[in-house]
Amino acid sequence: MMTTRADISSPVLDKLPIIDIAPLLDDDAAPRTRNDKKKTAEALHNACVNYGFFYLNIAKYVNPKGPEELMRLGREFFGLPQAEKDKLLISNQDYARGYQRLKENVTNGKADNHEGLDFYRPVENSDKTKPLWGENQWPSVPTFREKYEDWVDEMKKLGLIVMEAMAEGLGMTKDEWEELRAQVDDSFWVMRVIGYPPLPNDHDGFSCGAHKDYGCLTFLYADPTPNALQVFLPRPGVKQTDTSGLPAEGAEDGIWITADPIEGCIVCNIGEMWEIWTNGLYKSTLHRVVHRGSNYRVSIPFFFEPNFDALVKPLDAALRARALQPTENREPLRSPIVYGEFLKKKVGNNFTTSRDRYSIN
Ligand SMILES: N=C(N)NCCCC[C@H](N)C(=O)O
Ligand SMILES: O=C(O)CCC(=O)C(=O)O
Ligand SMILES: [Fe+2]
């Protein structure tokens with residue numbers, strides 16, 4: 001079952017896979033059910049090896065009315081007068097939790113053409129002078145908080161469901177899964193509500209520059225706007241037509257494909273922690289947002305991340321797979337990191353306003 005990156009010059013692989021999570025929701029231990037779960041786990045494994053980006057059909061898991069309502073509430077917030085939104089500025093708290101004005105986010109050193117509202121896992125003994133340790137700032141839009149908190153609960157549970165299936169797909173034993181589970185069972189999750197006006201001056205710049213997500217699994221619910229989210233698929237020998245959005249480390253040959261919303265599905269991609277856990281077998285995929293349409297786009301990514309204190313290092317199951325490869329193809333062993341420390345560095349680089357607070361030069 002263990003495969004390496006497949007030949008992605010095949011045109012069929014330009015289409016991101018769609019994986020139905022329904023078999024993972026069934027508690028029935030009947031052999032048939034087990035087999036369906038196994039197939040789903042294998043599909044996740046292949047999607048992670050070949051793309052790092054895929055759709056999860058969650059129609060059996062959430063009532064579509066839920067996320068539609070989140071979208072409506074998000075739009076209502078972004079539609080408020082600037083002074084109202086500014087009451088929730090991240091500078092009131094820990095320079096992470098709260099509202100960020102248009103172009104306050106930075107990616108690859110350039111301002112992103114979006115505004116956003118970020119929430120993190122609440123912490124005990126909150127202290128707004130400590131990076132990431134402040135309090136969430138909820139808008140006064142009626143029912144906003146309760147509806148979004150419901151979504152957080154649903155997405156946290158979904159995170160564990162998908163993680164367990166991925167553990168199976170990677171060939172982990174029950175004990176190995178328990179060990180991994182203990183690193184993600186108190187997820188230091190992040191939820192963003194992002195508002196994207198059209199790009200100014202004939203589509204200058206990026207709505208969000210090319211990046212990898214930081215943690216484990218991103219679950220993205222977006223409005224139906226097409227051609228906004230783009231995913232980079234490396235393809236040796238195929239020169240990109242548009243290199244401008246790429247950071248240097250990812251400046252390899254390949255193509256950008258769009259990941260347009262599909263009804264009943266969320267877009268899912270894996271973050272850098274999966275890259276470390278699998279020692280590079282699963283690549284965290286570069287993506288960016290280039291919103292050239294004339295509407296105001298809203299997206300709601302939920303980042304299911306490891307626990308703040310999780311020590312993330314290559315998993316034995318990934319090292320077993322690595323041992324099967326010819327020596328010359330083996331990736332060097334990744335260094336362990338503590339997720340929370342890694343996150344602090346990332347967030348410190350994220351805003352024009354936060355660098356001093358996070359001791360970034
Ligand atoms: N996990 C989060 N918050 N993801 C948002 C990533 C957007 C890229 C970011 N400005 C960067 O430069 O890394
Ligand atoms: O808005 C989107 O479609 C993606 C946003 C994103 O990649 C992020 O916030 O990390
Ligand atoms: Fe992202």
Side-chain angles (χ1 to χ4, degrees), residues 16 52-53 55 70-71 74 78 90 94-98 100 103-121 131-132 155 187-197 199 205-232 245-250 256-262 265-274 284-293 295-306 339-340 342-355 358 360:
L16 300 178
F53 241 93
Y55 294 90
L70 300 183
M71 204 41 89
F78 289 124
I90 52 173
D94 54 8
Y95 288 84
R97 297 168 194 251
Q100 308 115 47
K103 293 186 187 267
E104 193 171 347
N105 274 263
V106 176
T107 305
N108 308 319
K110 287 194 194 132
D112 293 319
N113 199 57
H114 68 247
E115 54 185 331
L117 184 58
D118 290 12
F119 303 91
Y120 287 71
R121 176 199 178 282
L132 301 171
M155 292 299 102
S187 168
F188 199 76
W189 56 265
V190 186
M191 178 172 63
R192 305 194 69 202
V193 190
I194 313 176
Y196 297 96
L199 283 166
F206 291 91
S207 310
C208 182
H211 65 278
K212 295 176 173 185
D213 287 342
Y214 311 150
C216 213
L217 296 171
T218 303
F219 298 137
L220 177 83
Y221 181 75
D223 75 17
T225 309
N227 299 320
L229 174 59
Q230 303 178 346
V231 176
F232 185 73
L246 269 180
E249 54 151 353
W256 288 98
I257 64 165
T258 53
D260 289 344
I262 297 180
C265 295
I266 49 175
V267 180
C268 180
N269 62 287
I270 53 177
E272 290 193 57
M273 296 308 106
W274 263 115
S284 173
T285 309
L286 279 171
H287 53 287
R288 66 185 184 192
V289 180
V290 187
H291 175 38
R292 298 194 167 113
N295 63 317
Y296 187 94
R297 175 179 186 259
V298 174
S299 78
I300 308 169
F302 181 88
F303 303 95
F304 180 82
E305 312 294 50
Y339 176 67
F342 178 86
L343 178 67
K344 253 188 251 175
K345 283 198 201 121
K346 288 288 188 182
V347 176
N349 263 319
N350 239 337
F351 307 112
T352 45
T353 41
S354 64
R355 304 169 80 87
Y358 286 71
I360 308 261

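Quick caveat, the model's predicted, so the values are computed rather than measured. Every number for a ligand or one of its atoms is a count from 1 in the order of the listing.
His114 does not count as a contact of ligand 2, since none of its heavy atoms falls under 4.0 Å from the ligand. Contact between His211 and ligand 2 is present, with at least one heavy atom of the residue lying under 4.0 Å from the ligand. Using a non-hydrogen distance threshold of 4.0 Å, Asn350 registers as a contact of ligand 1.
A donor-acceptor contact under 3.5 angstrom links the side chains of Thr107 and Asp112, judged on distance only. Counted by atom type alone, Tyr339 and Glu305 present one or more donor-acceptor pairs between their side chains at under 3.5 Å. Side chain to side chain, Ser299 and Asp223 fail the donor-acceptor criterion of an N or O pair below 3.5 Å.
Counting protein heavy atoms only, atom 13 (O) of ligand 1 is closest to Tyr214 OH, 2.7 Å. Shortest contact from atom 3 (O) of ligand 2 to any protein heavy atom: Arg297 NH2, 2.9 Å. Protein heavy atom at the shortest distance from atom 4 (N) of ligand 1 is Phe303 CZ, 3.4 Å. Closest to atom 9 (O) of ligand 2, if we only count protein heavy atoms, is Ile194 CD1, 3.5 Å.
Those atoms of ligand 1 with a heavy atom of Val106 less than 4.0 angstrom away are 10 (N), 12 (O).
Looking at Asp213 and the Fe ion (ligand 3) together, the shortest N, O or S contact belongs to OD1.
The shortest N/O to N/O separation between Thr107 and ligand 1 falls below 3.5 Å.
Remark: Cys268 SG to Asp213 CG distance equals 10.0 Å, nearest 0.5 Å.
Using a 4.0 Å cut-off between heavy atoms, Asp213 contacts ligand 2 through its side chain alone, with no backbone atom that close. Contacts between Asn349 and ligand 1, counted as non-hydrogen atom pairs separated by less than 4.0 Å, are absent for every part of the residue.
The side-chain heavy atoms of Phe302 and Phe304, taken from C-beta on, include a pair separated by under 4.5 Å. By the 4.5 Å heavy-atom criterion applied to side chains, Lys212 and Lys346 are not counted as neighbours.
The distance from the Fe ion (ligand 3) to the nearest N/O/S atom of Cys208 is not under 2.8 Å.
Residue nearest to atom 7 (C) of ligand 1, selected from Lys346, Arg288, His114, His211: His211 (by heavy-atom distance).
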